[in-house]
Amino acid sequence: MKFHLWPAILLSSLASLASAAGGDLVINSMHSDPTSKKAFETILSEFKKEHKDIKVTVNTIDHESYKVQIRTWLPNNPPDVATWFAGNRAKFFVDKKLVEPLDDVFSTAGNQFSKGALSAVTFDGKKYLMPTNYYHWGFYYRKDLFKKAGIAAPPATWDELLAAAQKLKAAGLIPVAIGTKQAWPSAAWFDFINMRVNGYDFHMKLLSGQASYTSPEVKKTMATWTQLVKAGGFPDTAPAMTWQEASALMWQGKAAMYLMGNFIASEIPSAVKAQVDFFPFPTVDPKVPVAQVAPTDVYFIPAKAKNKANAKVFMTFLARADVQQKYNEVTGLLPVNSQAKVDAGNTFLKSGQQILGQAAGLSQFFDRDADPEVAKVGMDGFVEFMRYPEKTDAILNRIESTTAWRFLLPSLVLYSAYVIFPIFFSVYLSITQWDGLTPAVLPLCYKSEISCFQNFADLWNDEVFWTSLKNNFYWLVFFSLSAPCGLALALFFHVKSRFSSFYKSMFFMPMVFSLVVVGTVWGWFLQPNFGLVEYILKSFGLLADNENFTLMASDRWATAGLILAAAWPHAAYCMVLYLAGLSNLQKNVIEAAEIEGVSQWQMLRHIILPMLRPATVIVVIVTMIGALRSFDLVSIMTAGGPANSSNVLALYMYQQTFENFRYGYGAAISVVLFAVSLVLILLYLRQTLKDESGRS
């Protein structure tokens with residue numbers, strides 16, 4: 001856990017202890033962004049006016065930190081009220097009996113919520129969560145581009161959507177914009193198509209693990225989706241774009257439609273806002289009741305809360321129509337209470353309120369409804385499918401194999417090569433099973449039917465692991481070229497000149513920047529559609545106007561772009577190490593060689609390089625470690641995509657551990673990464689020492 005998270009945890013704990021003594025109300029909130037925070041403060045001020053006898057303490061924690069911390073304080077020292085997500089993310093805590101039922105609160109306000117909204121907060125017949133707002137998903141489209149392509153009305157059926165895509169394609173337009181650099185936008189397509197083909201009930205059973213991803217129903221879903229993929233409905237550069245970058249295709253008039261949540265409404269430029277309209281996802285089978293995707297924010301009372309009476313007063317307050325109306329006037333989202341009003345002038349919100357109110361069921365989104373360890377594998381699979389639909393069976397088999405594992409495996413202490421205890425503890429974690437909540441950390445073989453080395457057996461059959469390992473060796477080979485580049489720069493700048501100090505400072509500048517900055521800058525350089533490299537290539541006629549520079553969207557060449565970006569600052573680092581070595585050369589040896597008439601090449605090969613061996617040892621080891629631990633640039637520039645083709649072991653370890661909550665599996669990857677690093681470095685040192693002893 002990062003050290004900056006501890007103050008927030010300590011604050012939460014102290015506030016909870018204070019509440020036990022004073023009977024106050026303690027609320028932990030993950031709504032740290034300005035809009036959500038302002039909305040919460042607006043309704044909180046109203047609550048304080050109505051309940052002056054209740055002292056409210058609010059701990060606001062940033063969104064990502066909150067998702068990690070909740071597993072620490074919820075079972076041990078929770079607040080009285082906490083914010084969270086509906087769907088399976090909440091069910092995990094409900095199943096652990098860490099959430100208090102709210103049936104008594106809903107007994108007076110339940111009729112004000114739609115059937116679909118209640119289904120999202122009900123588990124095993126009991127209501128556990130208080131929904132405050134949700135937002136709808138659907139197609140945002142350009143009316144002017146539809147008119148240009150000869151499309152009279154928005155598609156209402158799947159066949160009409162395919163026909164519209166063909167017309168848009170013929171008109172030289174991208175039918176549907178999407179960016180899958182982060183995999184989640186692809187999941188919306190699976191959610192909608194699966195619900196339209198197989199219905200809401202099957203979809204929820206599938207995501208809860210009660211149905212198989214290799215079933216005929218899911219294969220039918222993927223076959224339906226394939227029709228649009230093979231029709232060229234999506235941009236080829238999708239794997240290299242974020243959802244915001246993909247939305248620019250619409251604003252620039254290059255793409256006609258975009259399946260996205262209503263949060264995109266705030267992104268629409270004023271210049272094209274009049275041309276943008278909305279329609280719900282088309283039906284596929286008219287016999288299947290229409291369900292919608294509507295991610296819902298909720299509040300809940302922890303089972304171990306100290307002031308449950310005050311917490312239920314607050315929940316009753318949150319359920320009121322007037323409170324939800326004020327709350328969502330600030331957020332710009334939809335209130336879940338059906339009696340709350342929305343802005344009549346906001347056509348997007350009115351459309352959303354109508355379609356969600358009529359929905360047969362509400363899905364929370366794939367990564368909220370699916371088990372955490374399945375969600376990442378599934379979303380990565382969908383991204384891969386959109387590029388290679390012929391791999392459907394292999395992708396579904398991979399997702400299905402993940403659903404077989406229902407345990408949240410051990411936590412991994414942050415890896416450090418220079419601290420012995422975490423190394424050995426990581427090795428131990430790699431053979432254990434731990435749900436993250438119970439105090440006992442027992443090995444997998446504690447249960448006799450499970451091998452201690454099951455995690456490593458799973459790695460052997462993991463395609464993404466082997467791809468990541470292969471990419472690490474690509475890094476090892478080609479990233480090492482930064483060392484001779486650094487040597488060449490050091491030799492060049494070692495010669496004293498009037499501006500040598502200035503030049504050395506300029507070349508060292510990339511090393512000053514953090515890799516996050518380097519990744520962001522190079523991501524912009526190599527970005528298709530808007531990048532500097534593409535602009536330069538088109539300016540010199542090396543790339544046609546209708547072509548894109550797709551280096552980072554290519555599963556073959558994305559890793560090359562990453563290594564190029566990483567080598568830029570690392571060559572500067574190698575230059576400094578070699579400059580330090582050059583300053584310590586034995587000048588009398590060099591002078592003697594010059595008197596003997598030794599050529600420059602012989603001087604470099606037989607005198608300078610051998611004398612630089614200590615610096616070279618450091619440079620090579622640092623370069624090897626940097627190549628094997630590559631993480632920052634991959635995460636920033638490609639997130640391991642497209643379709644995991646540029647993933648590396650360090651990033652894959654992070655994804656499995658902290659995104660999928662597969663702690664033991666992530667530890668197993670870290671052990672492999674450590675073992676590979678150790679073996680290569682020891683082999684290099686052994687050869688170096690052997691060469692040294694041979695010369696002596």
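- Other residues, nucleotides and ligands contribute at most 12 non-hydrogen atoms within 6.0 Å of the NZ atom of Lys220.
- When all heavy atoms are compared, the tightest approach of Ala187 to Phe365 is CB-CE2, 4.0 Å.
- Every residue two or more places apart in sequence or in another chain that forms a salt bridge (charged side-chain N to carboxylate O under 4.0 Å, His left out) with Asp380 is listed here: Lys376.
- In terms of heavy-atom proximity, Ser646 sits nearest to Val634 at O-CG1, 3.4 Å.
- In this structure, Pro131 and Thr296 approach most closely via the heavy-atom pair CB-CG2, 3.6 Å.
- Other residues, nucleotides and ligands place no more than 12 heavy atoms under 6.0 Å from the CD atom of Glu463.
- Nearest heavy-atom pair across Ala256 and Leu145 is CA-CD1, 3.9 Å.
- Arg196 places a side-chain N or O within donor-acceptor distance of the main-chain N or O of Ala291, the cut-off being under 3.5 Å.
- For Phe382 and Phe366, the ring centers sit closer than 6.0 Å to each other.
- Phe40 is listed as a side-chain neighbour of Ile43, based on a closest heavy-atom distance under 4.5 Å.
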Report task. Apply side-chain contact (heavy atoms from CB on, under 4.5 Å) to the pair Trp466 and Lys470, showing each step before the final yes or no. Result -> CA-CA 6 Å; Trp466 288 110; Lys470 178 185 69 175; over 6 Å; no
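- Ile174 CD1 to Leu249 CG: the interatomic distance, rounded to the nearest 0.5 Å, is 5.0 Å.
- Here the side chains of Ile178 and Met386 are in contact, with some heavy-atom distance below 4.5 Å.
- Side-chain atoms of Asn198 and His203 include no donor-acceptor pair closer than 3.5 Å.
- At a threshold of 4.5 Å between non-hydrogen side-chain atoms, the residues Val290 and Gln358 do not count as touching.
- Side chain of Glu267 to main chain of Gln244: no donor-acceptor pair is present (N/O by atom type, distance under 3.5 Å, no hydrogens or angles).
- Although no hydrogens or angles enter the test, the distance criterion places a donor-acceptor pair under 3.5 Å between the side chain of Glu160 and the main chain of Ala156.
- Proximity of a side-chain donor or acceptor of Thr638 to a complementary backbone N or O of Gly640 within less than 3.5 Å is detected.
- Salt-bridge annotation for Arg398 and Glu384: present, with a side-chain N of the basic residue lying under 4.0 Å from a carboxylate O of the acidic one.
- Inter-residue side-chain proximity for Ile193 and Trp158 is flagged as met; some heavy-atom pair is nearer than 4.5 Å.
- Counting non-hydrogen atoms of neighbouring residues, nucleotides and ligands closer than 6.0 angstrom, the CZ atom of Phe279 exceeds 12 such neighbours.
- Residue Arg387 comes nearest to Asp236 through the heavy atom pair NH1-O, 3.8 Å, listed as atom of the first residue, atom of the second, then distance.
- Here Phe139 and Trp189 bring their ring centres to under 6.0 angstrom of each other.
- No side-chain heavy atom of Phe478 sits less than 4.5 Å from a side-chain heavy atom of Leu564.
- For the side chain to side chain donor-acceptor pair (under 3.5 Å) with Asp144, the qualifying choice from Lys148, Lys147, Arg142 is Arg142, the only one to do so.
- Inter-residue side-chain proximity for Gln656 and Phe465 is flagged as unmet; no heavy-atom pair is nearer than 4.5 Å.
- With rounding to the nearest 0.5 angstrom, the CG atom of Asp191 is 10.0 Å from the CZ atom of Phe281.
- Formation of a donor-acceptor pair under 3.5 Å by the Tyr66 side chain with backbone atoms of Ser32 is not found in this model.
- A donor-acceptor distance shorter than 3.5 angstrom exists from the side chain of Asn328 to the backbone of Thr132, with no hydrogens or angles considered.
- Here Trp137 and Phe192 keep their ring centres 6.0 angstrom or further from each other.
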Query raised in the report: Do Tyr134 and Leu333 pass the side-chain contact (heavy atoms from CB on, under 4.5 Å) test, and can you show the C-alpha distance, the side-chain angles, and the key distance before you say yes or no?
Result: CA-CA 6 Å; Tyr134 52 15; Leu333 302 176; over 6 Å; no
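- The shortest distance between side-chain heavy atoms of Pro642 and Thr180 does not fall below 4.5 Å.
- When all heavy atoms of Leu356 and Tyr135 are compared, the pair lying nearest together is CD1-C, 4.3 Å.
- Using a distance-only test at 3.5 Å, with no hydrogens or angles considered, no donor-acceptor pair links the side chain of Lys350 to the main chain of Val342.
- With rounding to the nearest 0.5 Å, the separation of OH in Tyr327 from NZ in Lys38 is 13.5 Å.
- A side chain to side chain contact (heavy atoms under 4.5 Å, CB included) with Val197 holds for exactly one of Val284, Thr283, Asp285, Val288; it is Val284.
- At a threshold of 4.5 Å between non-hydrogen side-chain atoms, the residues Phe190 and Met222 count as touching.
- To the nearest 0.5 Å, atom CE of residue Met195 and atom CG of residue Leu362 are 8.5 Å apart.
- With hydrogens and angles disregarded, a donor-acceptor distance shorter than 3.5 Å links the side chain of Glu245 to the backbone of Thr242.
- No side-chain donor-acceptor contact under 3.5 Å links Ser36 to the backbone of Asp33.
- Using modelled atom types, no side-chain atom of Gln325 and backbone atom of Ala340 make a donor-acceptor pair closer than 3.5 Å.
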Report task. Apply side-chain contact (heavy atoms from CB on, under 4.5 Å) to Val276 and Trp251, showing your working. Result -> CA-CA 9 Å; Val276 180; Trp251 317 146; 4.1 Å; yes
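- We find the OG1-NE2 distance between Thr331 and His31 to be 9.5 Å, quoted to the nearest 0.5 Å.
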Requested in this report: Evaluate the criterion side-chain contact (heavy atoms from CB on, under 4.5 Å) for residue pair Thr559 and Ser645; output intermediate values, then yes/no.
Outcome: CA-CA 8 Å; Thr559 297; Ser645 63; over 6 Å; no
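- Atom CG of Asn644 and atom OG1 of Thr467 lie 7.5 Å apart (nearest 0.5 Å).
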